[in-house]
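One structure is given here, and the rest of the page talks about it.
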Amino acid sequence: MLDIKLIREKEADVRAALLKRGSIFKLEDVLAADRRRRALLTEVEALKSRRNAVSKEIGALKKQGQPCDEQQAAMRTVGDRITEMDNEVRTVDLELESALLQIPNLPYAGLPVGPDKESNRVARTVGTPRVFDFKPKGHVELGEALGLFDFARATRMTGAGFPLFIGVGARLERALIQFMLDIHTQEHGYTEVSPPFVCNPAAMTGTGQLPKMAEDMYRVNADDLYLIPTAEVPVTNIYREEIIEQTLPIRLTAYTPCFRREAGAAGRETRGLIRVHQFDKVEMVKFVEPETSYAELETLVADAEDILKRLELPYRVLELCTGDISFAAAKCYDIELWAPGQNDWLEVSSCSNFESFQARRAGIRYRRKDGKVDFVHTLNGSGVALPRLVVALLENGQQADGSIVLPKALSPFLGGMTRIERKAAETKKVDG
RNA sequence: GGAGAGGUGGCUGAGUGGUUGAAAGCAGCGGUUUGCUAAACCGCCGUACUGAUUAUAUCGGUACCGAGGGUUCAAAUCCCUCCCUCUCCGCCA
């Protein structure tokens, strides 16, 4: 949410910044509601002030046994008027707030400007895609042959897009989660948290999923809760409606499953692990002072990249353009892994600085050195998402015989395993 | 799920209709004293919105004692609804 005062005082700047996102927002409506709200407040607060003063007089008169019917009658009229005006204020407040919630964050100065992902800038490419002396296979073919997952059975019990990992496949998920959490907590300075996997509408609004993304989430109707689409939601909301008294920055990391309906994506990449409704992810979240948030964004990206470097996977980092950053972000880097079976780059991480956008929605504040209260800056990034990471591991590590050579760094988390072969997978096959 | 108790400022904890934004204590901040530390003493010590002024500094107004509604000239205090926490019982992992 943007600060209404900023819109009020720097209307032209805000309009220009929003225009870079490629959409036109009706600031006039917001400003009109703001003007009307303040006019109403001035009037009704004057009435309340008078009522408070006269009520005090009435109290004094009563104590002395003096008559005060006249004052009481007058204040009854004033009270009725106050009730009316309070209702008007409430209506305008709701209008204003819902309008503000629809306005995206302002893009950070210096982002590449452009309408869509074509204008994203490649910040760097790390690692060299392997040269194959055979035609590399896709992860679905590789993994099914090795018995790592079974999409057909998962579809029978749930539906398309819900992976079922089996044997070494399931263990690989668990190993990757632990691998990443260990690095972030032991080497990158994050504190691990394990949050709820469902959140209420207020939390979803705080991080920006609501109101615009309602259709993309799974909702538990009986309790008015949503399955989280990312750990960002519960982890960022840890400090919802608080003035944080502890020293910043606070760096948290969490493993959670993530649930996304992918509304509107029907028919796209339905096979395999590239686009699924449920997936595992390790997330990093930071609460920082405004002055340091862009430096913290760089280390956040570096922390995510470190995972990929240790896994010896080729990747590139994109600096997203004004038209491609998410609703709540001011600046965002995407990290994409090279997947030879797809012959394409796959997004496995999105690292964003939201500045005070989420903090203002969620009411997350801190005390500055001068004692004043101010909104924190929030950041988050995947560190990283599992399914596409598995895709890259399988497709990059594949051998001509269909086995997979695993990165050395992962072996301690897999009981010393260095290679996934048919034999090892078969011993764990569900249907024998 | 059943029965009971309760939700007040960073914390503890007073307060049952009229200078209560809210006693007191602790913590915190500033200062005095002190060779240093400690102690003692003095002062300060919520948030948001809003108005005035050149001012994120100052002064004023309004609101907030779990949330929302109601009664009243006036509500932390009375009434209603909801949420949450705690204790005991039951159930389950």
Side-chain angles (χ1 to χ4, degrees), chain A residues 1-10 13 30-101 194 196-206 220 222-226 234 237-248 250 287 289-291 355-356 359-377:
Chain A
M1 182 157 60
L2 298 181
D3 187 355
I4 181 63
K5 286 176 192 160
L6 180 74
I7 300 176
R8 194 190 294 157
E9 287 159 20
K10 302 240 167 100
D13 294 349
V30 174
L31 288 167
D34 176 51
R35 273 192 299 272
R36 179 159 160 67
R37 172 173 176 275
R38 284 184 294 145
L40 283 168
L41 278 180
T42 304
E43 200 177 331
V44 73
E45 285 182 0
L47 288 176
K48 285 179 179 175
S49 176
R50 174 146 167 262
R51 179 176 67 179
N52 287 343
V54 175
S55 289
K56 221 170 255 182
E57 285 172 27
I58 291 172
L61 289 173
K62 288 219 167 184
K63 208 168 258 177
Q64 298 162 26
Q66 308 252 358
C68 50
D69 297 351
E70 209 174 293
Q71 286 91 331
Q72 286 193 21
M75 286 310 101
R76 200 171 299 140
T77 311
V78 170
D80 290 345
R81 180 68 187 134
I82 288 173
T83 305
E84 279 174 36
M85 294 193 66
D86 271 347
N87 286 333
E88 291 178 52
V89 170
R90 198 170 308 145
T91 306
V92 176
D93 270 345
L94 287 174
E95 280 173 25
L96 185 59
E97 198 196 336
S98 70
L100 283 173
L101 286 176
S194 180
F197 300 160
V198 290
C199 280
N200 60 33
M204 289 295 173
T205 305
V220 183
D223 299 292
D224 197 15
L225 295 169
Y226 292 87
N237 276 285
I238 287 174
Y239 294 104
R240 179 180 172 68
E241 302 297 333
E242 277 193 41
I243 298 171
I244 299 174
E245 299 293 346
Q246 59 186 284
T247 310
L248 298 178
I250 294 170
F287 303 84
E289 294 176 292
E291 295 74 26
E355 299 190 0
S356 60
R360 185 168 283 110
R361 287 176 161 234
I364 305 171
R365 295 170 294 170
Y366 78 110
R367 213 168 284 283
R368 294 196 316 228
K369 288 177 188 69
D370 65 7
K372 287 280 187 298
V373 171
D374 198 2
F375 290 106
V376 300
H377 279 193

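Every chain is numbered from 1 and lettered A, B, ... according to where its sequence line falls, protein lines coming before strand lines.
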**Complete:** Checking B:rA48, B:rG61, B:rU50 against the side chain of A:Ser49 (C-beta onward), the nearest is B:rG61
**Fill in**
The nucleotide from B:rU47, B:rC73, B:rU50 with an atom nearest the side chain of A:Arg51 is B:rC73
**Asked** Once you round it to whole Å, what is the distance between P of B:rC73 and CD1 of A:Ile82?
**Response** 12 Å
**Fill in**
Nearest heavy-atom contact between A:Ala99 and A:Val30 is CB-CG2, 3.8 Å
**Item:** Among B:rC49, B:rC73, B:rU47, the one nearest A:Arg76 by side-chain distance
**Value:** B:rC73
**Request:** Could you provide the dot-bracket string of RNA chain B, using ( ) for intrastrand pairs, [ ] for crossing pairs and | for bases paired to another strand, with Watson-Crick or G-U pairs below 3.5 Å?
**Result:** ((((((((.[[[..)..(.....]]].(((((.......))))).(((((((.....))))))).[[[[[..)....]]]]])))))))....
**Fill in**
The salt bridge (charged side-chain N to carboxylate O under 4.0 Å, His left out) partners of A:Arg365 (sequence neighbours excluded) come to none
**Prompt:** With sequence neighbours excluded, what pairs up with A:Tyr239 under the ring-ring contact (aromatic ring centres under 6.0 Å, His included) test?
**Reply:** A:Phe287
**Request:** Go through the structure and list residues passing salt bridge (charged side-chain N to carboxylate O under 4.0 Å, His left out) with A:Arg36, not counting sequence neighbours.
**Result:** A:Glu88
**Request:** List for me each residue that meets salt bridge (charged side-chain N to carboxylate O under 4.0 Å, His left out) alongside A:Glu97, sequence neighbours excluded, and say none if there are none.
**Result:** none
**Request:** State which of B:rC73, B:rU47, B:rU50 makes the closest approach to the side chain of A:Arg367.
**Result:** B:rU47
**Item:** Partners passing salt bridge (charged side-chain N to carboxylate O under 4.0 Å, His left out) against A:Glu241 (at least two apart in sequence or in another chain)
**Value:** none
**Prompt:** Has the side chain of A:Ser98 got a donor or acceptor atom that lies under 3.5 Å from a matching backbone atom of A:Leu94?
**Reply:** yes
**Item:** Integer-rounded Å distance: B:rA48 C1' and A:Phe375 CZ
**Value:** 9 Å
**Prompt:** Base, sugar-phosphate alone, or nothing: which one does A:Val373 contact when heavy atoms must sit under 4.0 Å apart?
**Reply:** sugar-phosphate
**Request:** Sequence neighbours left out, what pairs pass side chain to side chain donor-acceptor pair (under 3.5 Å) with at least one residue falling in residues 71-80 of chain A?
**Result:** none
**Request:** Using whole Å, report how far CD1 of A:Ile243 lies from C1' of B:rG10.
**Result:** 10 Å
**Prompt:** Reckon A:Arg8 has a side-chain N or O less than 4.0 Å from the OP1 or OP2 of B:rU50?
**Reply:** yes
**Request:** Tell me, please, which residues at least two apart from A:Asp93 pass side-chain hydrogen bond (donor to acceptor under 3.5 Å, both in side chains).
**Result:** A:Arg37
**Prompt:** Side chains of A:Arg360 and A:Ser356: is there a donor and an acceptor less than 3.5 Å apart?
**Reply:** yes
**Item:** Most 5' of A:Met75 and A:Asp374 on RNA chain B, judged by nearest nucleotide
**Value:** A:Asp374
Just the table, please: protein N/O against nucleotides 67-70 of chain B N/O, every pair under 3.5 Å.
{"residue": "B:rG69", "atom": "OP1", "partner": "A:Arg90", "partner atom": "NH1", "Å": "3.4"}

Under 3.5 Å, N/O pairs linking protein and nucleotides 17-22 of chain B:
{"residue": "B:rG18", "atom": "N2", "partner": "A:Ser55", "partner atom": "O", "Å": "2.9"}

**Closest non-hydrogen atom pair, A:Pro201 against A:Tyr226** = CG-CE1, 4.1 Å
I'd like a table of atom pairs between the protein and nucleotides 52-57 of chain B - only N or O on both sides, under 3.5 Å - with the distance next to each one.
{"residue": "B:rA57", "atom": "OP2", "partner": "A:Lys372", "partner atom": "NZ", "Å": "3.2"}

**Message:** Tell me the interatomic distance from A:Glu241, atom CD, to B:rG66, atom P, rounded to whole angstroms.
**Reply:** 16 Å
**Prompt:** Between A:Asp86 and A:Arg90, is the closest basic N to carboxylate O distance under 4.0 Å?
**Reply:** no
**Item:** Contacts of type side-chain contact (heavy atoms from CB on, under 4.5 Å), residue A:Asn200, not counting sequence neighbours
**Value:** A:Ala202, A:Ala203, A:Leu225
**Prompt:** Any chance CD of A:Glu70 has more than 12 other-residue heavy atoms, nucleotides or ligands included, within less than 6.0 Å?
**Reply:** no
**Message:** For the C1' atoms, the ones on B:rG70 and on B:rG60, what distance do you get once it is rounded to whole angstrom?
**Reply:** 31 Å
